[in-house]
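Take this structure first; my questions come after.
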Amino acid sequence: MDLPKLAIAALGGTVSMQARHVGEGVIPTVSGETLLTTVPELKNLARVTVETLGLHPSASLNFDFLLSVLHWANYQVENGATGVVITQGTDTLEETAAFFDYLWSHHAPLILTGAMRSASQVGADGPANLLDACRVALAQNSRCRGVQVVMSGQIHHANTVRKTDSLALQAFSSPLVGPVGMLVEGTVRYLREPFQRKLLPLPQQTTQAVALLESTLSADTLLLDNILELGYDGLVIAGFGAGHVSEQWADAVETIAKKIPVLIATRTGSGPTAQSSYGFTGSEMDLIRRGALMAGFLCPRKARILLWLLVGCQRQDELAFFLAQD
Ligand code: GLU
């Protein structure tokens with residue numbers, strides 16, 4: 001029987017990291033081809049194409065590079081790949097997953113994975129995560145689910161997954177909703193039905209800048225007051241609680257929202273923003289009145305990705321549609 005085609009790309013991150021010399025910190029050095037040698041079982045599951053598209057710590061990935069990775073992934077599917085797996089650093093995985101998910105128009109799965117322990121560490125989790133990710137990418141029941149993150153035997157959807165622990169092996173979770181599926185004895189099991197995703201075309205420009213600022217107690221307005229002059233095209237605020245800012249920030253938001261889109265998310269790490277509960281100055285009702293939009297369940301970082309992509313295809317007027325929960 002002909003095995004299905006699977007495409008794997010390595011971008012770097014801890015999964016690809018090793019120390020050059022004893023006592024030195026780990027850096028990305030392990031190629032995709034070498035990663036593949038740690039999962040010999042894979043040759044019984046698929047015909048694998050592997051490429052090392054980069055060896056970066058994920059903090060240094062950028063949107064232009066991600067668009068070139070997307071181009072590569074599109075090409076793989078158009079040329080017969082059943083699924084695509086990308087290995088990368090976990091620090092920005094929640095953002096790259098959201099980025100790809102808005103742009104991934106195939107039924108074929110695009111699966112992201114990484115590791116919390118480097119390639120040379122005892123108990124390295126990279127090989128197990130990679131094998132799990134490949135199983136998910138090859139599974140028939142993974143089709144039409146967009147972009148997913150596979151870590152520690154769990155499957156998380158791109159729009160809910162967050163890195164919620166800095167160093168723990170179990171570093172990823174989807175607050176409120178939990179994983180969308182899991183691997184049970186090597187079998188891919190889903191706990192929820194796929195949902196209708198909202199897709200965007202490729203951005204026509206990539207020079208737009210969207211700032212992300214966090215509300216903090218007694219914060220000054222220096223950065224806010226200069227956002228427009230600095231040339232930003234959009235602003236996301238990680239607000240207090242259900243999406244609130246101080247009175248001083250509320251005034252600044254009103255001025256900014258007259259010129260560029262302003263999106264208010266919650267800095268709490270879980271739960272949605274409110275729409276119609278609080279009426280004090282700087283509350284969500286006040287900020288909506290002043291021209292801001294509330295990010296709902298989108299975390300601040302994913303809200304920034306959405307706004308950047310919308311501005312990039314001149315569809316920022318559709319922000320409310322993309323934020324609507326239906
Ligand atoms: N813990 C991170 C990782 O899993 C650090 C490096 C990075 O994100 O590239 O890869």
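Indexing begins at 1, ligand by ligand and atom by atom, following the structure's order. Heads up: numbering here begins at 1 and tracks the sequence.
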Less than 4.0 Å between a side-chain N and a carboxylate O, is that true for Glu94 and Arg301? yes
Starting from atom 4 (O) of ligand 1, find the nearest protein heavy-atom neighbour and note its residue, name and distance.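 Nearest neighbour among protein heavy atoms for atom 4 (O) of ligand 1, to 0.1 Å: Thr90 OG1, 2.4 Å.
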Could you tell me whether Arg145 sits above the aromatic face of Tyr190, with NZ or CZ closer than 6.0 angstrom to the six-membered ring centre and within 45 degrees of the axis?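 So Arg145 does make the cation-pi contact.
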Considering only protein heavy atoms, which is closest to atom 5 (C) of ligand 1, and at what distance to one decimal place? Thr14 OG1, 3.3 Å
Determine whether the side chain, the backbone, both or neither of Lys163 has a heavy atom under 4.0 Å from any heavy atom of ligand 1. side chain
Nearest-neighbour protein heavy atom for atom 9 (O) of ligand 1, which is reported as residue plus atom name and distance: Ser58 N, 2.6 Å
In one Ile/Leu/Val/Met/Phe/Trp/Tyr side-chain cluster, 4.5 Å: Phe240, Leu212: no
Short list, please: which atoms of ligand 1 are under 4.0 Å from a heavy atom of Met17?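 Within the 4.0 Å cut-off of Met17, ligand 1 contributes 6 (C), 9 (O).
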Going by side chain to side chain contact (heavy atoms under 4.5 Å, CB included), Asp101 matches just one of Val147, Leu110, Thr96, Leu112. Which one?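 It is Val147, the one option of Val147, Leu110, Thr96, Leu112 that forms the side chain to side chain contact (heavy atoms under 4.5 Å, CB included) with Asp101.
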Taking distance alone, with no angle check, do Asp91 and ligand 1 share an N/O pair under 3.5 Å? yes
Cationic tip of Lys198 within the cone over Phe321's six-membered ring, i.e. under 6.0 Å and within 45° of the normal?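 Verdict for Phe321: a cation-pi partner in Lys198.
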If you group Ile, Leu, Val, Met, Phe, Trp and Tyr by side-chain heavy-atom gaps below 4.5 Å, do Val50 and Met17 land in one group? no
Taking both backbone and side-chain atoms of Thr92, is any N or O found less than 3.5 Å from an N or O belonging to ligand 1? no
Ignoring hydrogens and angles, state whether a donor on the side chain of Ser31 or Thr34 is under 3.5 Å from an acceptor on the partner side chain. yes
A student checking ligand 1 against Gly13 at a 4.0 Å heavy-atom cut-off should list atoms 9 (O), 10 (O)
Are any of the N or O atoms of Ala115 closer than 3.5 Å to those of ligand 1?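 Between Ala115 and ligand 1 (N or O atoms, distance only) the closest approach is under 3.5 Å.
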